[in-house]
Amino acid sequence: MKAIELTAPSLTALRATDLPDPVAGPGEVLVRLRAAALNYLDVAVATGGFPVPAFPMVPVADGAGEVAALGDGVSGLALGDRVIPHFMPHWQGGAITPRHVAAMRGLTLPGSLADYVAVPAASLVALPAHLDFAHGATLPIAATTAWNAVRSAGVRPGSVVLLLGTGGVSIFALQFAKASGATVILASSSDEKLERARRLGADHLINYRATPAWDEEVRKLTAGHGADLVVETVGATTIARSLQAAAMGGTVFTVGFVGGTSAPVDLLPVIVKALRVVGNNTGSVADLAEAARAIAAHRIVPVIDRVFGIGDTREAYAHLAAGGQHFGKLVISH
Ligand SMILES: NC(=O)c1ccc[n+]([C@@H]2O[C@H](COP(=O)([O-])OP(=O)(O)OC[C@H]3O[C@@H](n4cnc5c(N)ncnc54)[C@H](OP(=O)(O)O)[C@@H]3O)[C@@H](O)[C@H]2O)c1
C-alpha cells in the first residue's frame with residue numbers, strides 16, 4: 001500500500017513509501033482510509049515536541065475511511081461501512097489508564113497517512129450520514145475534546161463559554177456551545193477570523209492582540225459574571241487570564257499547550273471562585289461516539305480550512321506549524 005512515513009522528528013522527514021498491506025486479525029477491521037485530519041499533536045510529533053518510540057512511523061492520529069475486510073469474530077459491521085477509527089483504540093470508555101495512553105494512532109500505532117490500517121472493531125465509530133470522509137476525519141481528537149469540555153461544564157441555555165483562538169478545538173466548541181444555547185465569547189488574533197466566528201454564531205468577539213487584557217473584557221461583556229466554561233486551548237501564556245475570566249464555580253477545561261506548558265499561576269481565583277480546573281486527554285471511543293451523535297443530531301458540519309492532497313502533506317504540516325494561519329481544521333485527502 002501507499003503511505004507517508006515520518007523518518008525523524010522533522011517537518012522535512014516526511015516521505016512517500018510503499019508498505020505491506022496490513023491484515024485484520026481476530027476482532028479487527030481493515031479500514032481503507034480516505035482522509036486524515038491534522039492536529040497540533042501531529043506537528044508536535046513531527047518537530048520533536050512530543051516523543052514517539054520509533055521512526056520511521058506512519059503519522060497522523062485522525063482519519064476516516066470505509067471497512068475493507070473483517071477479521072475473525074467481528075460482527076455488526078459490513079464491507080463499505082463508513083467509519084472513524086478512534087485515536088486511542090483501546091480506550092472504550094471510563095477513566096483513562098496508562099494502557100490507553102500507550103496505544104495512540106499516529107504515535108505508537110500506525111496513523112492515517114496510509115491506504116489501509118487494521119484496528120480493533122470496538123474502536124470504530126460510524127461516520128455521521130451527513131458528513132463526507134474529509135469532515136469525518138476531523139472528529140476523533142478535536143470534536144471529542146470540545147464535546148467533553150461542553151459536557152463537563154454542563155453547558156446549557158444561558159451559559160457563558162469563552163473560547164481562545166480559532167483552531168480545531170475552539171471551532172468545534174463554538175458549534176457545540178451554540179447548539180446548547182450558550183452565549184459564546186471568542187478571542188482571536190485576527191479580525192477576519194473573528195468575523196468568520198461571528199458568522200458561525202459567536203456572540204462576542206475579542207481581538208486578543210488589540211485587547212491584551214481580554215479577561216477584563218470578558219467580565220465587562222458579562223456584567224461581572226465571567227465565563228461558566230473556559231476552553232483553555234493555549235496553555236502557559238493564557239492560563240492566568242483564563243482563571244481571571246472564569247465565573248464563580250466555573251470550569252476551566254485545560255487541554256492546550258500551543259502557548260507552552262509551564263507558567264506561574266495565582267491560585268486565589270481558583271480558591272475564591274471555587275473553580276473546577278479540569279484536565280483532559282482527548283476522550284474515549286464512547287466520548288467520540290457521543291460527540292458524533294451530537295454532530296448528527298444538530299447537523300453540525302465541521303469547519304475545514306483547507307483540504308490538501310496526500311502529495312502535499314509537507315505543505316499541510318507547514319501550514320499548521322506556522323501557527324495562526326488556519327481557521328478550524330486542515331485535512332489531507334487520499
Ligand atoms: N488535551 C486534549 O484533550 C487535547 C485535545 C485536542 C487538542 N489539544 C491541544 O489543544 C491545543 C489546541 O488544539 P487545536 O487543534 O485547536 O490547535 P490549532 O488548530 O493549532 O489552533 C491553535 C490556535 O490557538 C490560537 N492561539 C494561539 N495563541 C493564542 C493566544 N495567546 N490566545 C488565544 N488564542 C491563541 C490561534 O488562534 P487565532 O489564530 O485565532 O489567534 C491558533 O489558531 C493544542 O495545544 C493541542 O495539542 C489537547
Side-chain angles (χ1 to χ4, degrees), residues 37-47 49-50 60-62 86-88 91 96 100-101 104 106-107 138-149 151-152 162-175 185-198 200 202 205-215 217-218 230-242 245 252-261 263 277-284 287-288 291 302-306 316-331:
L38 288 180
N39 287 282
Y40 184 75
L41 177 63
D42 302 310
V43 168
V45 167
T47 51
F50 201 102
V60 181
D62 284 356
H86 190 44
F87 156 59
M88 285 193 249
W91 187 13
I96 194 165
H100 303 141
V101 178
M104 298 191 284
L107 286 91
T138 66
L139 268 49
I141 291 184
T144 305
T145 301
W147 175 254
N148 283 353
R151 190 183 54 184
S152 163
L162 171 62
L163 304 173
L164 307 180
T166 53
V169 176
S170 285
I171 297 302
F172 270 120
L174 167 60
Q175 293 173 303
I185 305 173
L186 185 139
S188 170
S189 57
S190 143
D191 288 342
E192 186 258 324
K193 290 182 181 181
L194 287 170
E195 176 54 26
R196 289 178 74 179
R198 190 189 61 74
L200 286 169
L205 309 166
I206 303 173
N207 185 316
Y208 62 78
R209 295 230 168 100
T211 308
W214 44 266
D215 51 328
E217 189 64 18
V218 170
V230 184
V231 184
E232 231 312 339
T233 43
V234 181
T237 51
T238 52
I239 184 68
R241 288 192 191 279
S242 290
V252 179
F253 201 78
T254 303
V255 299
F257 51 94
V258 292
T261 53
V277 180
V278 180
N280 182 75
N281 191 343
T282 312
S284 64
D287 295 327
L288 169 61
V303 176
I304 295 177
D305 184 82
R306 202 163 146 191
Y317 268 80
H319 197 71
L320 190 67
Q325 288 192 0
H326 64 290
F327 182 98
K329 297 295 299 178
L330 298 176
V331 170

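Just the heavy atoms: all of them, side chains too, but no hydrogens, waters or symmetry mates, feed the values below. Counting starts at 1 for both ligands and their atoms, in listed order.
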Aromatic ring pairing Phe257/Tyr40, orientation class (parallel under 30°, perpendicular over 60°, tilted between): perpendicular
Partners meeting ring pair (Phe, Tyr, Trp, His ring centres under 6.0 Å) with [X] (sequence neighbours left out):
X      : value
Trp214 : none
His326 : none
Tyr208 : none

Side-chain donor-acceptor pair present, Asp287, Ser284, cut-off under 3.5 Å: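 Side chains of Asp287 and Ser284: pair found under 3.5 Å.
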Backbone N/O of Gly279 and side chain of Thr254: donor-acceptor pair under 3.5 Å: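 It does not hold such a pair.
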Neighbouring protein residues of ligand 1 - any heavy atom closer than 4.0 Å: Tyr40, Ile141, Thr145, Leu164, Gly165, Thr166, Gly167, Gly168, Val169, Ser188, Ser189, Lys193, Tyr208, Thr233, Val234, Thr238, Val255, Gly256, Phe257, Val258, Asn280, Asn281, Thr282, Leu320, Gly324, His326
